[in-house]
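Each chain gets a letter, A, B and so on, in the order the sequences are listed, and its residues count up from 1. These numbers were taken from a predicted model, which means no experiment stands behind them.
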Amino acid sequence: MIALKNISLKQGSFELSGVNLTIAAGEYGVLMGRSGCGKTTILEAICGLRSIESGSIRLGDEEVAGFPPAERGVGYVPQDRALFPTMIVREQLAFALVLRKQPQTQIAARVNELAKLLGITQLLDRAPDKLSGGEAQRVALGRALAHRPAVLCLDEPLAALDEELHEEMCRLLEHVHRETGVTVLHITHSPSEAKRLAGCHFRMENGKVTRE
Amino acid sequence: MSEPAQPKYRVASDKPFLIGLGVLAGSYLLIIGAMVLADLVFLDYGDQPILGNERVQQGRYAEGAVPIRVEAGRTYHFRLGKNEVALEHDEQMLAGKNLFKANTDEVRLQPRIPNAPITASLRPEALVIEIALTNHIATLTTDESHGLLWGQFIRVHGAGAGWDGVHEITDTTTNQLSIALPENSAATPKTLQLSKPNPLVQALRSRDIQFSIMLSLISCTITTLMSIWVAVPIGYIMSRFEFRGKPLIDTLLDIPIVLPPLVVGLSLLILFRYAPDWLSDSVVYKWPAVVLAQFMVACAFAVRTMRVTFDQIPHRYEQVALTLGCNRQQAFWRVILPQAKGGLLAAATLSWARALGEFGPILVFAGATRQKTEVLPTSAFLELQAGRTEGMLAVSLIMIGAAVIVFLIARTLGMKRVFA
């Protein structure tokens, strides 16, 4: 689960305070709001990429507010995907597992499993600059899921995709959510996307998050 | 048939703009190419004859040509100056500068205008008339003064094994010169020919210049390694962290770029006056001073390059790496540095090239002692000071060669695909 209680943070002149948000374990949460209202900031706070001034962040059963990002057990897919340009797809998928010093055979098995789940088996030896938008999105998703995080943070994952791919990726996200049972926080400003995917629906307005 | 539709709104042609771009870019490229080409062409790559004393007397032309006595059967080298039109020899008119073999007892200089000063030159080729060999030292006597100096190189032809080839002159008098021969040389020949190897060979054979090539290559490489070692952390800090006093540090980092290089050398020299004796004794006017002087300037450029490189890598990559399980150090080594490879290579080549060309600070801080602190720019300077333009050019060509090789290596490494 994801539980934010009374989060306040400051970033230059931008300020948020008293933000609350709870997503039950295994639920698919969609957060909507205008551009620049602080959605991404909340996401970064959950991932540990932005420090909070006060409040508590619980992921699963752990209070993670003081943890470095590496120890929070989150998967993060940023808006621009940020695939590592120097690694082929296989290396991107294996990255989190190599860091955890898992044995080669287990890593290979997990990479194949992920590739199958996301339908990118034939892309494993490609460089990221040779991937289309949809393919890159799948790889970014796979990279974030490799270490079996309890929480998956998606920052406008479908924003840059065309209509056809959009539907395909929605189906894929549903499929991944069902297969892995991961708790998802998905940021978007497309109402149709929210309606299509959301298990629970949040709106961010004037620095507050409300459940709908 | 209707006429093709004419658009209502028309823009001016792109041609003037594109031609302008082409002309500006092209003229600069042309100058670069012409400059290097001029260096390559100016140098005389052939051997030069060894010439005796000037035969043309100083003076002015009166009416008509000036006769000069020559020895029939001997080879002469002539060079016309701005006041001559031709050298008349055996009813032929010779122009420019060249060698010719005299058939007559007299040649005549044809002036361009009467009463002008004589500007031509005519010198006989010096011939070896006596060869003596003692203790593997060959002493050659020439019939004309040869004008060669101790430490220069000559080439011997047509004399057999051990004799033929380029030798360093070990001793000279006006009409004699000595060379050392290897142990198993052929017996003393009856005759032999001498010539002066081209300046490039002279430079490459000279021990002073060999030393300066070595010192340049080694010091530039050390400087480059040190610069990268320092520039990567500074570039990373300046790109990734915000802290108080950052603008001040930014300015400090630019000082070596902004300061005149000579001042950098002087500042180092003065700084080391305050250093403990053991330290300044082992640095100032020694080879470490060469490296330090190069480093101070080259590193500033490497820092700039690395900073820009890291600035161009979005923070996003690190952030993703952090969520995937990296600490900052792992994110740096595994994700950021591999992406900075191009910049790293650029910084390395830039600092290597800067270091190779560094002259002012080295002259001030390390001196210009042959076989001690002489690097290639110092050699070029010393050659120029001694009035040997050709020697300077030869050293310059060696530097151009070294720079080209390093850039080619860097390019090849840079071109290598990340995904083999």
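Only the side chain of A:Glu44 has a heavy atom closer than 4.5 Å to any heavy atom of chain B. Interface remark: A:Ala144 contributes backbone atoms only to the contact with chain B (heavy atom separation under 4.5 Å). Looking at A:Arg100, the atoms closer than 4.5 Å to chain B (heavy atoms on both sides) all sit in the side chain, from C-beta outward. Heavy atoms of B:Ala321 lying under 4.5 Å from chain A belong to its backbone as well as its side chain. Neither the backbone nor the side chain of A:Leu97 has a heavy atom closer than 4.5 Å to any heavy atom of chain B. With a threshold of 4.5 angstrom between heavy atoms, A:Asp125 does not approach chain B through any atom at all.
Within a 6.0 Å sphere centred on CZ of A:Arg211, other residues, nucleotides and ligands contribute more than 12 heavy atoms. Atom CG of A:Asp61 has 12 or fewer heavy atoms from other residues, nucleotides or ligands within 6.0 Å. Atom CZ of B:Phe241 has more than 12 heavy atoms from other residues, nucleotides or ligands within 6.0 Å. Within 6.0 Å of the CZ atom in B:Phe243, the count of heavy atoms belonging to other residues, nucleotides or ligands exceeds 12. For NZ of A:Lys10, the number of neighbouring non-hydrogen atoms (other residues, nucleotides, ligands) closer than 6.0 Å is 12 at most. In the displayed structure, A:Gln122 atom CD is contacted under 6.0 Å by more than 12 heavy atoms of other residues, nucleotides or ligands.
Taking non-hydrogen atoms and a 4.5 Å limit, the residue list of residues 323-330 of chain B in contact with chain A, ordered by number, reads B:Thr323, B:Leu324, B:Gly325, B:Cys326, B:Gln330. Scanning residues 287-320 of chain B against chain A with a 4.5 Å non-hydrogen threshold yields B:Arg316, B:Tyr317, B:Gln319, B:Val320, sorted by number.
The side-chain heavy atoms of A:Tyr76 and B:Leu322, taken from C-beta on, include no pair separated by under 4.5 Å.
Counting heavy-atom pairs under 4.5 Å between each of A:Pro68, A:Gly48, A:Pro149, A:Pro78 and chain B puts A:Pro78 at the top.
Interatomic distance, CZ of A:Phe84 versus CZ of B:Arg334, reported as 10.5 Å (0.5 Å rounding).
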